[in-house]
Amino acid sequence: MLLIDVVRVSEAVTRTSARLGKISLLAELLGRVGPDEAETAISYLSGELPQRQVGVGWRTLEDLPQPKLAATATLTTVDELLSRIKAVSGQGSQAARKALVAELFAGLTSQEQQFMSRLLFGELRQGALDGVMIEAVAKASGAPSADVRRALTLRGWLPAVGAAALTGGVAALHAFRLEVGQAVSPMLAGSAPNVATALEKAGNPAALEWKLDGVRVQAHRSGGAVKVFTRTLDDITPQVPELVEAVLEMPSEDLVLDGEVLALRPDGRPHPFQVTASRVTSKTNVAQLRERTPLSVFFFDALRVDGADLLDLPYSQRQKALVRTVPQGLLTPRLITGDVAEAEKFFTDVVRAGHEGLVVKSLASPYAAGRRGAGWIKVKPRHTLDLVVLAAEWGHGRREGKLSNLHLGARDPEGGFVMLGKTFKGLTDELLAWQTERFLELAAGPTDSWTVTLRPELVVEIAFDGVQRSPRYPGGMALRFARVLRYRPDKRVEDADTVETVRSLML
DNA sequence: TTCCGACAGTGGGGTCGCAAT
DNA sequence: ATTGCGACCCCACTATCGGAA
């Protein structure tokens, strides 16, 4: 199949706003792709590369060769070239990589070049990713989408599942099983503003678990072999020896567990997330790092114990298996209750202990991977500050022509403002339109092509999860997960929060 | 030879609008 | 009304390459 066929469908999908329309277009193409190219086609049309990452980013794509006039590239040739690019990136020659990228793009028309650039950026923006592709695979193969979803949970990678469905139908989907050593898509949580709301959603009573601010891990054990995967199914086994040892000490030799690793201080309180993330992603000198910053692991779910698959069992039964296998000290603190007051006290406790909040879980829900909001709901405390808008950046995509990304500053009592970060979240279309107009009135000084500097006159109420140490911003602090709550035209800039207030939140 | 800047890719994430149910 | 999905972009960090010191 030619790449241009895929590009044309992608463009048609972009033009169609109806989800069912997108699904039909995608399914139609899947119906005519050959078995050898099915994985590649599914991969491209769900916005990812079969190679995952190939070491090519915006810099490499800055100057591309002249496009070809005739579209002759096939999926197979493009895929092979990308694999070579990845191989070269792995063994260290940027020049060789650049040459291969040039070779790839020289074989593409301008239409294809644009598609390939967006694909490499991970910004396809056709309004269809895995969620839509699952339905397209179902439609093209005649299999129920629940079966596709289930297979995806177990295999973790849609192109492989889709290709199997297209060639082998439902039977091929049913052949996917939980395999020790093969990462499973992790179950994700939705969120709620407070414990009471979360309890309502999860059912009553529900399980409340501490939400630890670390890195999600899935640990697999088969006999003496252990593998550890992240949320995106990357293998981090060499970076977390503590975890490997802990799993090897457990009584079951055939295990899949779900949990969180994080670095704790000697007093038992958690290090900032930055410390944990740094430890987990460091691949060199792990032995030394381990002495200085040991990792702790806390498990909260069991997908397989003693060779028995537990995915379809309700939470309460998976917990029984978990508790039977994992030593008490490695279990995530948990409370089962339907009492709102008791739940709120548990929430206060966990926050006081320095952790993120709670995950409220339905006792009945199976392990339904990949979808947020099903049976798990996270609750975190919310801080707010009144900050001053210092500048704004022009948006992209559906925010084209609108000033979107806000630069936020706290008041410096000495005079002036200290920037604490940016946010684009929490803005409705109406608010975007309003602020674009208002910001242009407040525009001050030179304005580059993407940023508009403002006179600092507008106060905005910002919600955020915490203050972290920042090497980037002048105050040495940045807000974590900042989002706009509302503008405060009633407040004067002199009433905005100060750097001192922010600093006190960092401790 | 060592240092350092730039780039790519990973970890963590919230809220909106739209389509479909 | 509610739900699922994709789009919108954030900050911190490590690994790596290649040129500067």
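So that the names make sense, note that chain A is the first sequence line, chain B the second, and so on, each numbered from 1.
- A salt bridge links Asp258(A) with Arg216(A): the distance from a Lys NZ or Arg NE/NH1/NH2 to an Asp or Glu carboxylate oxygen falls below 4.0 Å.
- Of all nucleotides listed (dG11(B), dT15(B), dA6(B)), dA6(B) comes nearest to the side chain of Arg59(A).
- Using a 4.0 Å heavy-atom criterion, one finds that Asp234(A) contacts the sugar-phosphate atoms exclusively.
- Within 4.0 Å (heavy atoms only), Lys422(A) reaches sugar-phosphate atoms of the nucleic acid but no base atom.
- Smallest separation of non-hydrogen atoms from Phe105(A) and Ser117(A): CE2-OG, 3.6 Å.
- Using a 4.0 Å cut-off between charged nitrogen and carboxylate oxygen, Glu123(A) and Arg118(A) do not count as a salt-bridge pair.
- The pair Arg480(A)-Asp465(A) does not meet the salt-bridge criterion, since no charged nitrogen lies less than 4.0 angstrom from a carboxylate oxygen.
- The two residues Glu291(A) and Pro294(A) make their nearest non-hydrogen contact at O-CD, 4.0 Å.
- Per the geometry, CE belonging to Met506(A) stands 14 Å off C1' belonging to dA12(C), to the nearest Å.
- The 5' end of DNA chain B is approached more closely, in terms of each residue's nearest nucleotide, by Leu61(A) than by the other of Arg399(A) and Leu61(A).
- For Arg216(A), whose side chain is taken as the heavy atoms from C-beta onward, the closest listed nucleotide among dG13(B), dG12(B), dC10(C) is dG12(B).
- Note on Val132(A): only backbone sugar-phosphate atoms sit closer than 4.0 angstrom, heavy atoms only; bases stay farther off.
- Of the candidates dC8(C), dG18(C), dA7(C), the closest approach to any side-chain atom of Leu129(A) belongs to dA7(C).
- The backbone N or O of Pro270(A) lies less than 3.5 Å from no partner atom in the side chain of Arg265(A), so there is not a single donor-acceptor pair.
- Contacts of Thr423(A) with the nucleic acid, taken as non-hydrogen atoms under 4.0 Å apart, are absent.
- Near DNA chain C, defined here as any heavy-atom distance below 4.0 Å, the residues from residues 11-25 of chain A are Arg19(A), listed numerically.
- The 5' end of DNA chain C is approached more closely, in terms of each residue's nearest nucleotide, by Gln126(A) than by the other of Thr284(A) and Gln126(A).
- Using a 4.0 Å heavy-atom criterion, one finds that Ala128(A) contacts the sugar-phosphate atoms exclusively.
- If you check every strand for non-hydrogen atoms under 4.0 Å, Ala478(A) touches sugar and phosphate atoms only.
- Within the 4.0 angstrom heavy-atom criterion, no nucleotide atom of any strand lies near Gly47(A).
- Mapping Gly426(A) and Asp213(A) onto DNA chain B by nearest heavy atom places Asp213(A) at the nucleotide closer to the 5' end.
- At the heavy-atom level, Val56(A) lies under 4.0 Å from the strands shown only through sugar-phosphate atoms.
- Within 6.0 Å of NZ on Lys227(A) lie no more than 12 heavy atoms contributed by other residues, nucleotides or ligands.
- Picking from dT10(B), dA15(C), dC11(C) the nucleotide with the shortest atom distance to the side chain of Ser282(A) gives dA15(C).
- Between Ala96(A) and Arg398(A), the residue anchored nearer the 5' end of DNA chain C, judged by the nucleotide with its closest heavy atom, is Arg398(A).
- When heavy atoms are screened at a 4.0 angstrom cut-off, Thr276(A) is found touching no nucleic acid atom at all.
- Using a 4.0 Å heavy-atom criterion, one finds that Lys211(A) contacts the sugar-phosphate atoms exclusively.
- Counting any heavy atom pair closer than 4.0 Å across all strands shown, Val467(A) reaches no nucleic acid atom.
- For Arg149(A), the side-chain atoms get nearest to dC5(C) when compared with the rest of dG18(C), dC5(C), dC9(C).
- Side-chain proximity of Pro471(A) to the nucleotides dC13(C), dC8(C), dG12(B) is greatest for dC13(C).
- Counting any heavy atom pair closer than 4.0 Å across all strands shown, Lys402(A) reaches no nucleic acid atom.
- Of the candidates dC9(C), dT15(B), dC17(C), dC17(C) carries the atom nearest the Gln94(A) side chain, counting heavy atoms from C-beta on.
- The Arg472(A) side chain lies nearest to dA12(C) when the options are dA12(C), dT10(B), dT15(B).
- Atom CZ of Arg469(A) is separated from atom C1' of dC13(C) by 15 Å (rounded to the nearest Å).
- Closest to the side chain of Ser404(A), out of dC11(C), dG11(B), dC9(C), is dC9(C).
- In this structure, Asp429(A) reaches the sugar-phosphate backbone alone: every heavy-atom distance under 4.0 Å involves primed, P, OP1 or OP2 atoms, never a base.
- For the residue pair Trp376(A) and Ser365(A), the shortest heavy atom distance occurs at NE1-OG, 4.3 Å.
- Among the atoms of the strands shown, none is found under 4.0 Å from any heavy atom of Ala463(A).
- When both pairing distances are held under 3.5 Å, dG6(C) makes a Watson-Crick or G-U pair with dC16(B).
- Close placement of the Tyr487(A) and Trp434(A) rings is indicated, their centers lying within 6.0 Å of each other.
- Set against dC17(C), dC9(C), dC13(C), the side chain of His396(A) has dC9(C) as its closest nucleotide.
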